[in-house]
Number of protein chains: 2
Amino acid sequence: MVSVGTPKEGSGAETRERILVEASRLFAVQGYHGTTTREIAAEVGISQPSLFFHFPTKKAIVEELCRLDLIPAVSRIEGLLAGGGSPAAKLFAMIAGEVACILASPYDLRAHLAYEVLNDPDLGTYRDLAHRFDEATRDVIRAGCDTGEFIEVDPAIAQQLVIAVLLRAPVTDRHVQPNLKDLEPQMSAALVLRSLLTDPGRLDDVAAEAAPLTRRYCAA
Amino acid sequence: MVSVGTPKEGSGAETRERILVEASRLFAVQGYHGTTTREIAAEVGISQPSLFFHFPTKKAIVEELCRLDLIPAVSRIEGLLAGGGSPAAKLFAMIAGEVACILASPYDLRAHLAYEVLNDPDLGTYRDLAHRFDEATRDVIRAGCDTGEFIEVDPAIAQQLVIAVLLRAPVTDRHVQPNLKDLEPQMSAALVLRSLLTDPGRLDDVAAEAAPLTRRYCAA
DNA sequence: GTCTATAGATGGATAGAC
DNA sequence: GTCTATCCATCTATAGAC
């Protein structure tokens, strides 16, 4: 019986994948510059020069992680904005959807996107993507303020609150009881929406309207 | 006329101070490991080896910054907990007070306390202080849940929300219109309290009760 | 207190065998 | 595809003059 499921690459793609997983974990805890290629290789279980068979440079590893994180995220949020729904439901779906994606990802993402990585001039390409994501977030917030669904708030401040919740999701995740894990996307979204809604009593209605949007968001 | 204001050290203490200021800014943007002693020295306007007249090691610089940030913060929050007031007012005062202190500080703090710095085994001393601050935050949240002022929420999740707002304060600050800067402590506190209060309509009362506590908090 | 020169250590990346 | 050996750049830190 011939194996048709796995392509010609053999175990090569697996090792490349394990490098991305372990590197993302180390970057998240120690930072990009605080992590050596020797540490990554040790976690993967290969020698340090073997890394360079799979990636041309150390920078290429973090660039690949940025790509895998930011390109789908920007496409998800811009797709959400293009569709229908109230601004409040869209923001709820975005937060719940992003947190769900972050927690489902094999990589320990988000943390390494902050600070040093996006500020590095060598990685400017991904800074543009991050700005597009932030801009889309501010658009939803602005729309909600215009319709009166949201309180009058500086979009930049509210957007920072959203980003803060997303960035802390993997950290929060580790501090929370396992039985609450499935609820974290909903709880994260509810926490932010409660603070932005003019009438917090509408939260359950917003969550209900957001449910199909969230499903579509995660599938996109 | 003899200068009595400045002590015997002459300009030595000034240079040491400028090193702390510039190092904190570079650490905040590039991370601790992403910043070299040459870059710090260049910002200060001295040669790289001259740093080592003022600090024995590079690590000593970041340790001093952690000390200057965490020791007063822990003392402030534990003093707040020991005093009177409702849990909601205490939490409001803590957030507004911390944001005010962060924005008033000559150092670009907080960012460098995250991730790589506190996770570094060499800096374990300050991890304990950070945990005391987090524990005190959870205590206030728990107290508010017990009295029914706050909604039923996992204290760990709500504490992460608070930490997230504090950590993003210097970042948010740079994105906000200058005329809103003075209001940022109040806005940050209000944003969090709105999401935690069982009755968000009480927000103005809570802010009023918190006002004297905030003043005492910043003075401590 | 600051400088130049440099030691000593570490980390990213290459060469070439298997 | 992974290994050992090693090069070379960079970085922290020291030595010693001024």
Side-chain angles (χ1 to χ4, degrees), chain A residues 3 6-66 112 116-117 119-123, chain B residues 3 6-27 29-66 112 115-117 119-123:
Chain A
S3 163
T6 37
K8 321 165 179 72
E9 301 115 16
S11 71
E14 277 176 38
T15 303
R16 187 188 153 89
E17 188 58 28
R18 266 171 33 233
I19 291 170
L20 289 171
V21 170
E22 300 302 338
S24 76
R25 291 182 185 162
L26 288 166
F27 291 162
V29 174
Q30 305 178 337
Y32 171 67
H33 292 102
T35 302
T36 68
T37 53
R38 288 176 167 81
E39 290 176 298
I40 300 170
E43 289 295 320
V44 176
I46 58 178
S47 72
Q48 181 259 348
S50 292
L51 283 182
F52 294 91
F53 176 82
H54 301 276
F55 294 92
T57 62
K58 181 190 175 188
K59 202 176 77 179
I61 299 174
V62 80
E63 282 179 323
E64 175 82 356
L65 287 169
C66 286
H112 67 83
E116 54 169 352
V117 173
N119 284 321
D120 193 316
D122 295 345
L123 299 163
Chain B
S3 163
T6 36
K8 320 163 181 76
E9 302 114 15
S11 70
E14 277 176 37
T15 303
R16 186 188 152 90
E17 189 58 29
R18 270 179 20 242
I19 291 170
L20 289 171
V21 170
E22 300 301 338
S24 76
R25 289 181 187 164
L26 288 166
F27 292 162
V29 174
Q30 306 177 338
Y32 171 67
H33 292 101
T35 302
T36 68
T37 54
R38 286 170 219 279
E39 290 175 298
I40 300 169
E43 288 296 321
V44 175
I46 59 178
S47 71
Q48 181 260 348
S50 293
L51 283 182
F52 295 91
F53 175 81
H54 301 277
F55 293 93
T57 61
K58 180 189 175 188
K59 202 176 78 179
I61 299 175
V62 79
E63 282 179 323
E64 175 81 356
L65 287 169
C66 286
H112 67 83
Y115 311 114
E116 54 169 355
V117 173
N119 284 321
D120 193 316
D122 294 345
L123 298 163

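Naming: A, B, ... by sequence-line order, numbering from 1 per chain.
Distance check, rounded to the nearest 0.5 Å: CD1 of B:I40 to CZ of B:F55 gives 9.5 Å. With values rounded to the nearest 0.5 angstrom, B:H54 atom NE2 is found 13.0 Å from B:E64 atom CD.
Rounded to an integer number of Å, the gap from CD of B:Q48 to C1' of C:dT4 is 12 Å. In this structure, B:K59 places its NZ atom 14 Å from C1' of D:dA13, rounding to the nearest Å. Residue A:E17 contributes atom CD, which lies 17 Å from atom C1' of D:dG1 at whole-angstrom precision. Remark: C1' of D:dC3 and CZ of A:F53 are 13 Å apart, rounded to the nearest angstrom. Separating the CZ atom of A:R18 from the P atom of D:dG1 is a distance of 13 Å, rounded to the nearest angstrom. To the nearest angstrom, P of C:dA7 lies 17 Å from CZ of B:F52. Note: NZ (B:K58) to C1' (C:dA9) measures 14 Å, nearest angstrom. Separating the CZ atom of B:R38 from the C1' atom of C:dT4 is a distance of 13 Å, rounded to the nearest angstrom.
In this structure, A:H54 reaches the D:dT2 phosphate: one of its side-chain N or O atoms is under 4.0 Å from OP1 or OP2. Not one side-chain nitrogen or oxygen of A:S50 sits closer than 4.0 Å to the OP1 or OP2 atom of D:dG1. The phosphate of D:dT2 (OP1 or OP2) has a side-chain N or O of A:T15 nearer than 4.0 angstrom. Note on A:S47: a side-chain N or O is less than 4.0 Å away from OP1 or OP2 of D:dC3. Considering only side-chain N and O atoms, B:T37 lies nowhere under 4.0 angstrom from the phosphate OP1 or OP2 of D:dC11.
Nearest to the side chain of B:I46, among D:dT12, C:dC3, D:dC3, sits C:dC3.
Contact between B:A41 and B:Q48 at its shortest, heavy atoms only, is CB-CA, 3.6 Å.
For the pair A:K59 and A:Y32, the cation-pi test (distance below 6.0 Å, angle within 45°) is failed.
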